[in-house]
Structure formats: C-alpha cells, structure tokens
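For reference, the structure is listed below as structure tokens.
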Amino acid sequence: MKKWIFCVPLFLLTFIFVFIFEKDALAHPGRTDSSGGHTCRTNCGSWGLETGEYHTHGGASETSSSDSSSESSSKSDSSVSSNDSWDKDCTDFSSYDEVVDYWNSKGYSKTNDPERLDGWGNAVDDGIPCEEPSGYDTAKINGSPAQIAEKAAVQDKTNGEKAGYTAGLGAGKKGVTSDSTSKGSAAYQEGYTIGYHEGYQNGSEVLEKQKITANKEGYALGKKQDKLVVPQQYASINSLKSSFNEGFNKAIEEKDEEKKKDYIAIGVKDGKADIMNEPKSVKPIFIDAYKQGYDQGQSELKKTYVKQGHDAAFKNVKYKTPNLNSQKYINWYKEGFKSNNKVKAIQKAAYNAGLNGEHYKVQAKYKHAEPIYKYYYEQGDQERKENNAASSGVVAAGVLGWLSRRFYVAKKMLK
C-alpha cells in the first residue's frame with residue numbers, strides 16, 4: 001500500500017514534468033489573438049514551425065492548479081517581456097509621427113501587418129496604424145488609401161501627359177488643332193492637357209523647320225522646270241504643301257520677270273520700227289510685256305516726228321505738210337510744229353526790233369531760227385515805215401492849210 005502510494009506520487013510527478021517540458025518546448029514569444037493563436041514571425045524553425053505559420057498554444061487558457069497557474073503566468077509575462085523588442089503596441093510610441101515612421105520603415109500595409117497595429121482583420125483594419133489625429137495627412141502612411149489614391153493620381157497624370165504629348169506632337173507636326181481634352185480621371189485629364197500643349201509646341205517647331213525645307217525644295221524645282229509636282233511627303237500636309245508651292249511660285253515669278261524684260265525689249269524694238277508682231281502661245285504676262293515695250297517704242301518714235309515738226313517751226317513761217325508716208329507721222333509732225341511756243345518769243349523780239357528801227361542783226365540765241373527772225377523783223381520795219389509816212393502826210397497837210405488861211409486873210413485885207 002505504501003509502495004503504491006509512493007509510486008503514485010512519482011508517476012504524477014513524472015507526468016507533470018513531461019507536460020511542463022512539452023509546453024515549454026511548444027511555447028515561443030508572441031502575443032496571441034482571441035482564439036489563443038498567432039502567426040510565427042521570428043526564429044520559427046527553432047520551435048518546429050514554418051515562418052508565417054499560424055498556430056495555437058493549446059491549454060494556454062486553462063489552469064490546472066495554483067502552482068501551474070502561477071508558473072504559466074510567470075512564463076507568459078516572460079514571453080511578453082521578451083517579445084517587446086519586435087512586437088509593438090500603439091502605446092509604445094511617443095507620437096503619431098513616430099508610429100508612421102515605424103510603420104513605413106517596416107514596409108507595413110493593410111495586408112502586411114504582423115504586429116497588428118491596424119486592428120488584425122477587424123472593422124478598423126483600414127491600412128492606417130493606430131488612431132491618426134484629426135486632420136492628419138494619411139497620404140504619408142505607407143499603403144494608406146490616401147497614399148494609394150495619391151500614387152494613382154500621379155500615375156494617371158503621368159500617363160495623361162504621355163498620351164497628351166503624343167497627340168499634341170502629331171497635331172503640331174500637321175499644323176492642325178484638335179481637342180486637347182480627354183476622358184479619364186481628373187488627374188489624367190490634367191496631365192493630358194499639359195502634355196498636349198507641350199507636344200503641340202514641339203510639333204509646331206518641327207513643322208516650321210519642315211516648311212522652310214519644303215519652301216527651298218519648291219524654289220529649286222521652280223528654277224528647274226515650269227511644271228509643279230508636289231512630293232508626297234508634302235502633299236499630305238496642307239501647310240507643307242503651301243510652303244512648297246510658295247517656293248515654286250517664287251522661282252517661277254523670278255523667271256517670268258526676266259522673260260518679261262526680254263519681251264519688253266522686243267516690243268520696244270518693234271514699236272520704234274512701227275511693226276506690231278505680238279507673240280503667240282505664251283503667258284498673258286508676256287503678251288502684256290510685249291505691248292508695254294511696243295507702246296514705249298511707239299512713244300520714242302513719236303518723239304522723233306514731233307521734234308521734226310518742232311524744229312521746222314524755227315525755219316518755216318507757215319506750216320507745210322511734210323512728205324511722210326504715214327498720216328500718223330504727219331499728225332505727230334504737225335503736233336510738234338504747233339506746240340513750239342519758243343518761236344513766238346522770237347517772232348515778237350524780231351518784230352519789235354524792226355518796228356523800232358534797230359539795225360538788223362540776229363543775236364546768237366536766235367541763230368537757229370534766223371528765217372523766222374528775219375521775216376518778223378521785216379514785218380516790224382515795214383510797219384515802222386508806214387507809220388513814218390503817215391506822219392509826214394499829216395504834217396504836210398497842216399502846213400498847206402495854214403498857208404491857205406494866210407492867203408485868204410491877206411486877200412481880204414487888200415480889198
């Protein structure tokens with residue numbers, strides 16, 4: 001009996017020892033959730049567990065005796081104490097900024113929160129650790145909805161700028177204006193507008209350089225030939241096509257101006273010869289140039305005949321129809337004769353010289369019109385003589401009358 005009694009305590013002691021040993025062997029640092037379990041994160045292999053493995057500490061919530069409870073409580077406190085170096089509570093931080101710094105340094109997020117700073121799957125599990133102060137910018141918090149939204153907005157704006165730049169660049173290169181707005185988030189639309197305007201500006205600069213090149217090539221073609229052929233790379237864009245055409249037309253105009261000079265010269269020559277030989281099958285501008293030259297030649301020809309008539313007025317007192325084979329030339333000649341106003345001054349000077357009884361002498365300035373001078377001098381001299389004769393008759397008549405009067409008076413006195 002004693003032996004049995006003695007054996008029983010030994011058996012119980014052995015069972016208790018093994019139980020405690022096994023419990024110590026399975027226990028490891030880390031707080032447990034309401035189900036009495038948690039996920040292993042540190043030194044899991046030494047406890048026979050996989051990293052990230054969720055497990056429970058069976059019997060952790062049971063008590064067998066006051067001694068075992070005391071021992072369990074002591075071990076639990078020891079576990080908590082040893083776990084404080086990595087498993088933080090919100091109360092372990094002195095400020096919320098310190099919470100955020102710790103959260104961010106660990107790379108924690110809503111789906112990666114091993115220290116359960118964000119509620120461990122319950123209603124407050126929103127990706128924001130602990131309780132943020134009112135008005136706090138949660139975009140600073142790694143993985144927070146605000147930060148995710150902010151990153152998404154930045155990405156949307158970047159994507160919008162890229163798409164807008166591409167669209168604006170294409171529109172600018174073509175010289176057309178398209179809608180600079182787009183569909184999508186507000187950030188995407190904002191980025192699209194910014195990118196579009198930048199792209200359009202760059203595209204416009206490229207287009208301006210291409211326009212200069214197109215203009216030069218058009219000019220070169222115009223110098224080479226008269227037929228316009230627009231290259232395909234310019235034909236599809238209106239502004240480039242216009243630049244090419246402008247260069248081509250400028251070259252054609254320059255060539256035409258040179259040709260016009262030739263046609264004017266031909267016209268002048270024909271005009272002087274009084275032969276109209278208008279060119280055929282040429283541009284209207286060349287026909288006009290020829291006519292312009294012809295009129296100029298005719299004008300010079302007219303001056304020749306007008307001068308002949310003008311000079312004839314210094315030699316001939318009266319107009320005499322010249323012996324010319326064209327009525328047109330005769331008319332020009334007569335026009336020159338009648339328009340000579342200088343001869344009138346010579347006529348007057350010569351006439352006065354004769355009237356005043358001056359000695360006949362043609363001054364040097366009248367030598368070219370001596371026939372006219374002589375004629376009008378004689379006219380003046382003739383009138384002078386006539387005037388003198390009339391005066392002499394008047395005097396003789398007066399004397400004769402006086403004598404007759406005296407004779408009458410004397411005869412009467414004698415009676």
Query raised in the report: Is S182 reaching over with its side chain to a backbone N or O of Y192, donor-acceptor style, under 3.5 angstrom?
Result: no

Query raised in the report: Can you tell me how far NZ of K162 sits from OH of Y188, rounded to the nearest 0.5 angstrom?
Result: 11.0 Å

Requested in this report: Check the side chains of Y375 and N316 for a donor-acceptor pair under 3.5 angstrom, ignoring hydrogens and angles.
Outcome: no

Report task. Anything under 30° is parallel, anything over 60° is perpendicular, the rest tilted; go ahead and classify Y108 against Y102. Result -> perpendicular

Query raised in the report: Nearest 0.5 Å, what's the NZ-CD distance between K174 and Q210?
Result: 12.0 Å

**Report entry** K250 with E253: basic N within carboxylate O range, under 4.0 Å
**Finding:** no

**Report entry** Short side-chain to backbone donor-acceptor contact, D381 and Y377, under 3.5 Å
**Finding:** no

Report task. State plainly whether the residues K88 and E115 are in salt-bridge range, i.e. N to O under 4.0 Å. Result -> no

Query raised in the report: Does K261 pair with E258 as a salt bridge, N-O distance under 4.0 Å?
Result: yes

Query raised in the report: Using the ring of each side chain (for Trp, its six-membered ring), is Y305 parallel, tilted or perpendicular to Y329, with breaks at 30° and 60°?
Result: parallel

Query raised in the report: So, K255 and D226, do they make that salt bridge, N to O below 4.0 Å?
Result: yes

Query raised in the report: Looking only at atom types and distance, does a side-chain atom of D118 sit under 3.5 Å from a main-chain N or O of D126, one as donor and one as acceptor?
Result: yes

Query - Charged N-O contact under 4.0 Å between D295 and K291 - result: no

